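Residue numbers begin at 1 in each chain, while the letters A, B, ... track the order of the sequences. Bear in mind that the values here come from a model prediction, so they are computed numbers and not experimental data.
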2 protein chains.
Amino acid sequence: MILKCSEHQCRWRRRKEARPEEILDAALDLFTEKGFSATRMADVAKKAGVSKGTLYLYFESKEIIFKELVKTMMSPMVDEAEVAINEFQGSSAELLDKMVTGWWESFWHNKLSAIPKLIISEAGNFPEIAEFYVEVIVKRVRGLFEDIIQQGIDNKEFKACNNKEAARLLMAPVIQANIWKFSLKPYDEALDEKSYIRLHLEIFLSGIKKDDKHAK
Amino acid sequence: MILKCSEHQCRWRRRKEARPEEILDAALDLFTEKGFSATRMADVAKKAGVSKGTLYLYFESKEIIFKELVKTMMSPMVDEAEVAINEFQGSSAELLDKMVTGWWESFWHNKLSAIPKLIISEAGNFPEIAEFYVEVIVKRVRGLFEDIIQQGIDNKEFKACNNKEAARLLMAPVIQANIWKFSLKPYDEALDEKSYIRLHLEIFLSGIKKDDKHAK
DNA sequence: CTTAAGTAACTGACCGGTCAGTTATTTATA
DNA sequence: TATAAATAACTGACCGGTCAGTTACTTAAG
């Protein structure tokens, strides 16, 4: 019988397939905890259960690891949002509500929610990553909201207004809370995020909807 | 006649009084441009027109310089806001409008507006600074808005709602735009900030005001 | 089946460069 | 001259990335 290393005691195993994801996972955890610059490749290696040299067998550089995180792990989330919108039946207000509540919920509980704060923190020193993130994530997500709002304006559900500005305004409290979660939250007063978002939607939707025609 | 250095050519002059502010100014510029960690003390020294050693005659460490920036330059802005509120005559909605527009305007054009993004970026690695900032700036500013909103609720101008959440919601788009300005702006679509804030106030105030009693 | 030759995944000591902070020395000024 | 202010050379720790060598696994000949 052939005895593989896995059935013996051995210093390491060959696991070519599993390494990249394990390395990305370890990197995300450490980037989240310490930020990109302050994360040491030695620590990533240790957390991923490999040696430092192995990291460079799979990724050219620290920066490439960061970029790969955005590319391979975040983009799929936007795809999901797109699908959800296309399948939706109902008013624009209901769709916005569903999107914000849904996106919020799924994003808030996902490890990846640390990425926006990371990108913002490091944008100055890694312009390429920031540019990539804006093109691939920011503009796309915002575009979804812009379209829904424009639709609401067209069908007289919402007041006439600049839909691009409105989309940013709709997202701002969500993004703001997300960034806060990964920066000042430990030092600040607690916040009930669900209740916060519910109030946001109440105020925002009430503010953007056409006045009832019987109102003064 | 005694000829002072200033009247000769000389390698340097004694300027004990002027140094601290010049150093803080130089540091703020570089922190804004590169972030805290990526800023080199040698560059701060060069920009301030002194040698690296001189920095340490006036400040114990790089971190202390950062902390001092917040302490001596940002706090006075909160004082101003407090005064403006106390002097104001008018409705709560008008006061909120004035505060957001005014705070926005003055902050947006001030060098110090780079500090929030800096703090958020470095909060993980410099908890002491983050804690200090939250206590001295964040809670105080938010408190001002909380009070105005509560007043509006009490005098039936606003709907009953959680004033702490509402205060955060009012500030979120402003802070969000401020952070964006110092991170993703160079890579993102342009934004007319004045118009953006005007729309925010329209939607928010319209959303939080008590419904007209003749409305359905 | 056994095993020796071959391959590629993996390791970890090391290197070159960087940078916050220190100190021996020089210079401006009272 | 005395000394406070400022300099510039220096130190030592740190870290991203490299590479010569090691080991797990594969394969093919016997």
Consider the side chain of [X], meaning its heavy atoms from C-beta on, and name the nucleotide among [options] that approaches it most closely.
X        : options                   : result
Ser61(B) : dG16(D), dG21(C), dT11(C) : dG21(C)
Lys16(A) : dA9(C), dG16(D), dC19(C)  : dA9(C)
Leu57(B) : dC10(C), dG16(D), dA5(D)  : dA5(D)
Arg15(A) : dG21(C), dA6(D), dC10(C)  : dC10(C)
Trp12(A) : dC19(C), dT11(C), dA6(D)  : dT11(C)
Arg11(A) : dA6(D), dG16(D), dT11(C)  : dT11(C)

Working to the nearest 0.5 angstrom, can you tell me the gap between [X] [atom1] and [Y] [atom2]?
X         : Y         : atom1 : atom2 : answer
Asp147(B) : Asn163(B) : CG    : CG    : 7.5 Å
Glu165(A) : Glu193(B) : CD    : CD    : 10.0 Å
Ile179(A) : Ser183(B) : CD1   : OG    : 7.5 Å

Students often get this wrong, so: under 4.0 angstrom with heavy atoms, is Arg14(A) touching a base, only sugar-phosphate, or nothing?
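Base contact - Arg14(A) has a heavy atom under 4.0 Å of at least one base atom.
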
When rounded to whole Å, the OH to C1' distance for the pair Tyr58(A) and dG16(D) reads 20 Å

So for atom CD, which belongs to Glu82(A), do other residues, nucleotides or ligands contribute more than 12 heavy atoms lying within a distance under 6.0 Å?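 Enclosed.
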
Q. Does any donor-acceptor pair link the side chain of Lys52(A) with the base of dG17(D) at a separation under 3.5 Å?
A.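 Between dG17(D) and Lys52(A), which were checked side chain against base, a qualifying N/O pair under 3.5 Å is present.
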
